[in-house]
Structure formats: C-alpha cells, structure tokens
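Below is one structure, written out as structure tokens, with a few remarks after it.
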Amino acid sequence: MSTLKAVRGTRDLLPPETALWNHIEATARRVFARYNFGEIRTPIFEDTQLFARGVGEETDIVSKEMYTWEDRARAQSEKAQSLTLRPENTAGVVRAYIEHKLGETGMLQKLYYIGPQFRRERPQKGRYRQFYQIGAEVIGPHSAGSESPLRDAEVLEMLATLLDELGITGWTLALNSVGSASDRPRYIAALREALKDKVAQMCGDCQRRAETNPLRVLDCKVPEDQPIIDTLPQIADFLDDASRAHFTAVCEALAACGVKYEINPRLVRGLDYYTRTTFEFTHDGLGAQNALLGGGRYDGLSEMLGGPKAPGIGFAMGEDRLVLTLAALSAREAELADYFIAPLGESLNAPALELARALRQAGLRIEVGDGSFRLKKSFETGNKLARKIILLGEDEQQSGILTVKDFASGEQSKIARAELVKPSKE
RNA sequence: GCGGCUAUAGUUCAGAGGCAGAACGCCGGUCUGUGGCACCGGAUGUCGUGGGUUCGACCCCCACUAGCCGCCCCA
C-alpha cells in the first residue's frame, strides 16, 4: 500500500523553519501597526463569481488556475453554488468592504491580511499550489483621500521599511502607471493597432498574446523581439493629465522619503483591476520567480463588484519567497532552550517536572530529561537541546542548591533554586 | 498546460546486468554524578510506484507519481 503524502504543490512547514515564518509575520504585524493598519480575515473560499468579476475572466488565474467546485444543493429550492478557493485576497477584502458598508464610515480603511491562497499552477521553487501571502489594502471613499498619490507613496515607503526590517537587502522597486480606467483601453487599442503589422515577425507567444492580452507582449523576454517592442507605443504617452500628475506626485513623495525606485514602462500587471500606479519588488536569487511582492491601485474594483465608488491601493507579498530569500541571506539555527533539567534517578522525575514548571513560569525555555537516562546520555541530549544543564540529584533536591553547567564554557556552579526561579526581566 | 533534468539509508550522495555502499547523523560500549574529543562495535533500506525485457534488473525499456530548472503566468 502506498503511503499518503502531501498533495502536489502543498507541503508541511516544520520547526525550525516555522520560527522564521513567525518572525516574518510578527515583523509585518509590527510594521503595519505603526502605519495604523488593522487585520482582516476573509473566508478561504468565496463565490466563484467574485474572482471571475474581480480578477478578470480572461486572466490565467481565473481561466485555468482556480480550484473550483460545485457545492451541493441541500434542498430542492436551493441551487448548487459554484465555490472557489481564493487565488488572491484583494477581491475578498473589497467584497467585505462592500458587504459591511465600510465606506459609510467616511474613513479610509487600512486593512492587512496574512493567509493561504490557492492556484493550480505547476510547482517550482518559490511557487506552490497552496502559498501564503501577506498583503494590505487602503480603500475608501474619494472624500477620505483614497485617490491621493500620498497613499500610494505611503504604502511603498511602508514596504521598503518592512523589507529593511526583515533584513532583506538588495531588493529593487519597479514602478509604472497603467493609467486610468479610460486610459488603459485607449492604450490597448493603440497597441493592437501597432502590433498588427509587426506581430508576424514576433515569437509564437507574442502572436498569441497580441490576441488575448496585448499588454503582456511588453513582458516578452525573447531577445529578437526586443527591438520591435521598443518601437511600440508607451503607456506613458496615453495617460490623461490627472493620471500623469498622480504618477509624478507618487514619484516625488518617494524621492522625498529616500525610497529608491526605477520606472519601468513595461511593468503591466496581469490582473484586470489595476489602474494608475503598479509596482513590483524583486530580488535576485529566486530564479524565475523573482517577484517578492506586487501590487497597485484599483480605483474601479469596488464598482466592478457592484459596490460604491471606492478607490484603493494594495499589494500582496509572497511569504514563501520571503522565507526563501531570508533563509539564503542568513541560515538561522534552531533555537536552544535555556536549560535542560537532568533528574538523577526516576524518583526525581516528578520534582524535575515541578522545577520545570517554576522555571517556565519565570519565562525560561526548558527541556526536561528523564531520570532513567544515564548521566552521560543526559549530557549528550542536553547539549543538543539547551545552553545549560541543571543536575537534580538527591543532594540538590534536599538542599535547594542546584548544580548548573554551561555547555559553551564548561563552567559548573551551584545556584540556589530561588535565584533561578525569579521572574526574568523583560 | 508544454519542454528538460532527477528519484538509492534519517541527511548529502557514490555505485555496477550477478551478496546494497561511503560520509555525516543515529544506537551501544570503553565511561553507574559530567557532554563536546578519541577509540571499538551496531542498525540503517520495498534502491519513488506499477508494468516489461532477461536465467537474473537497483542498473536496460515503457508508463505513472513527485521534486528541481525553464516556458506560460504570477506572489
């Protein structure tokens, strides 16, 4: 009989790696809190229509990468509903914004989320079918300033701060504007027009893209196509005055904060809902999956989902990729316990557990051995698990004076139990 | 979804059509209240799964599964 395994593209996260995940999440929460974001948790599956309308029917995500199933109709009167494991979280957040009428507060909503997302893609390093994203959205009515370029710059500055505090060095920020909801169709039309008589000379992928999603032609990496792409119209020339002013203001605010960026006129994002500002933070050493995070502005998404006008900007970072990057930058060791308690004889097991309880209540990290171990084994085991060992024999139990040895220095000393049990200062 | 590479011990990996290997790790001993070092000894396993060729397959062939790399796309 074959043994059961985690299904393709999913995996178990185990210690000590989970410590790194917790570190990343704690750092993100701490940074987000300083910018006054609150946490939102949306369901892990939603009505399929949410993603079809929000993310875009023609995107790869929706057309071929979703985990979708028909929920069972429980009664004659009930229709089977098509449900989907969320492939991203922005649509869910905006759905919640609409559902709970958060716009009625008149306030800007600043929400972050941390959780699993699901896409049925071919797994690779840094790409999984269940993957984890940390993201945030700033969304609200126009009157709350949700369309201000200040919001874009603030989000980007926050991300630069977060990556810095995580200790990720060597990232680059690529920035672009894809224009307003009316700019983009005009540009796409011009692009199609320009491609008409050139596409025949381009690669097969581009010929397909020119039909399905002409913006993606700009992303083509085939060297022979580059000269042709250079002759294509640029989105920057199709921005209306308001969009151009918006983009300029974002760049100026970033410069004022000292956040380094590169304008990349070819940076278009795959999801239909993006307008104006789009951006991507990348890092070398992730192979083909070099994007750490991506995001942008989505001024029309709420309305696409049947809600009120609610401009917004947000991003999603790939937590799996942050972990990979951090692991490569610094190999983290398993954390050692403060003390390994070695009871000398089985009669001292219960007192050892009681001592462990007292030390743990004092805030210390404790491993307890077993009185049936030979002392040599206690030392060997203790040396792997803890920084110091406490010997608990009859003498120590009677006197309350513990024998403590430091594994690193080899120094051994007698310390009163009462001294060790004192709450550690935090 | 497409193309390429890979799958042998807990781990990293050698290996040859005829008894399954190394290093590290693990277990025991030298050493019954003192670890790391040293020495001695021990166990590692459905050789990814299922078929086929062969007297004989871990090796050759086919399929499947999974991982990695690239494409597509994206975080």
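In what follows, chains are A, B, ... by sequence order, proteins preceding strands, each numbered from 1. The basis for the numbers below is simple: all heavy atoms, side chains too, and nothing from hydrogens, waters or symmetry mates.
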Contacts under 3.5 Å, N or O only, protein and nucleotides 6-13 of chain B:
none

Report task. Report, as a single string ordered 5' to 3', how protein heavy atoms within less than 4.0 Å touch nucleotides 63-69 of chain B: B base, S sugar-phosphate only, - not at all. Result -> ---SSSS
Query - Euclidean distance for P, C69(B) against C47(B) (whole angstrom) - result: 28 Å
**Report entry** Salt bridge R417(A)-E396(A), side-chain N to carboxylate O under 4.0 Å
**Finding:** no
**Report entry** By salt bridge (Lys or Arg N to Asp or Glu O under 4.0 Å) - contacts of E88(A) (at least two apart)
**Finding:** none
Query raised in the report: Rounding to the closest angstrom, what is the interatomic distance between A23(B) and A38(B) at atom P?
Result: 14 Å
Query raised in the report: Taking the same atom, C1', in G10(B) and in C5(B), what whole-Å distance lies between them?
Result: 26 Å
Query raised in the report: Have D183(A) and S180(A) got a donor and an acceptor in their side chains that come within less than 3.5 Å?
Result: yes
Query raised in the report: Are more than 12 heavy atoms from other residues, nucleotides or ligands located less than 6.0 Å from atom OH of Y67(A)?
Result: yes
Report task. State the dot-bracket string of RNA chain B. Criteria: Watson-Crick or G-U wobble, both atom distances under 3.5 angstrom; notation: ( ) intrastrand, [ ] crossing earlier pairs, | interstrand, . unpaired. Result -> (((((((..((((....[..)))).(((((.......))))).....(((((..]....))))))))))))....
Query raised in the report: Can you say whether the rings of F281(A) and W171(A) are parallel (under 30°), tilted (30 to 60°) or perpendicular (over 60°)?
Result: tilted
Query raised in the report: Does a side chain donor of either K414(A) or T403(A) reach within less than 3.5 Å of an acceptor in the other side chain?
Result: yes
Report task. Sequence neighbours left out, what pairs pass ring pair (Phe, Tyr, Trp, His ring centres under 6.0 Å) with at least one residue falling in residues 175-196 of chain A? Result -> Y187(A)-F238(A)
Below 3.5 Å is the cut-off: list the nitrogen or oxygen pairs between protein and nucleotides 33-36 of chain B, distance only.
unit_1 : atom_1 : unit_2  : atom_2 : d
G33(B) : N1     : E396(A) : OE1    : 3.4
G33(B) : N1     : E396(A) : OE2    : 3.2
G33(B) : N2     : E396(A) : OE2    : 2.9
U34(B) : O2     : K405(A) : NZ     : 3.1
U34(B) : O2     : Q412(A) : OE1    : 3.2
U34(B) : N3     : Q412(A) : OE1    : 2.6
U34(B) : N3     : Q412(A) : NE2    : 3.1
U34(B) : O4     : Q412(A) : NE2    : 2.4
G35(B) : N7     : K405(A) : NZ     : 3.4
G35(B) : N1     : F407(A) : O      : 2.8
G35(B) : N2     : N383(A) : OD1    : 2.7
G35(B) : N2     : F407(A) : O      : 2.9
G36(B) : N2     : F407(A) : O      : 2.9

Query raised in the report: Side chains of Y298(A) and E137(A): donor-acceptor distance under 3.5 Å anywhere?
Result: yes
Report task. On the 0 to 90° scale, with breaks at 30° and 60°, tag the Y132(A)-W21(A) ring pair as parallel, tilted or perpendicular. Result -> perpendicular
**Report entry** Pairwise P distance, U44(B) and C64(B) [rounded to whole Å]
**Finding:** 35 Å
**Report entry** Geometric cation-pi criterion K376(A) and F379(A), 6.0 Å radius, 45° cone
**Finding:** no
**Report entry** Residues T161(A) and E165(A): side-chain donor-acceptor under 3.5 angstrom
**Finding:** no
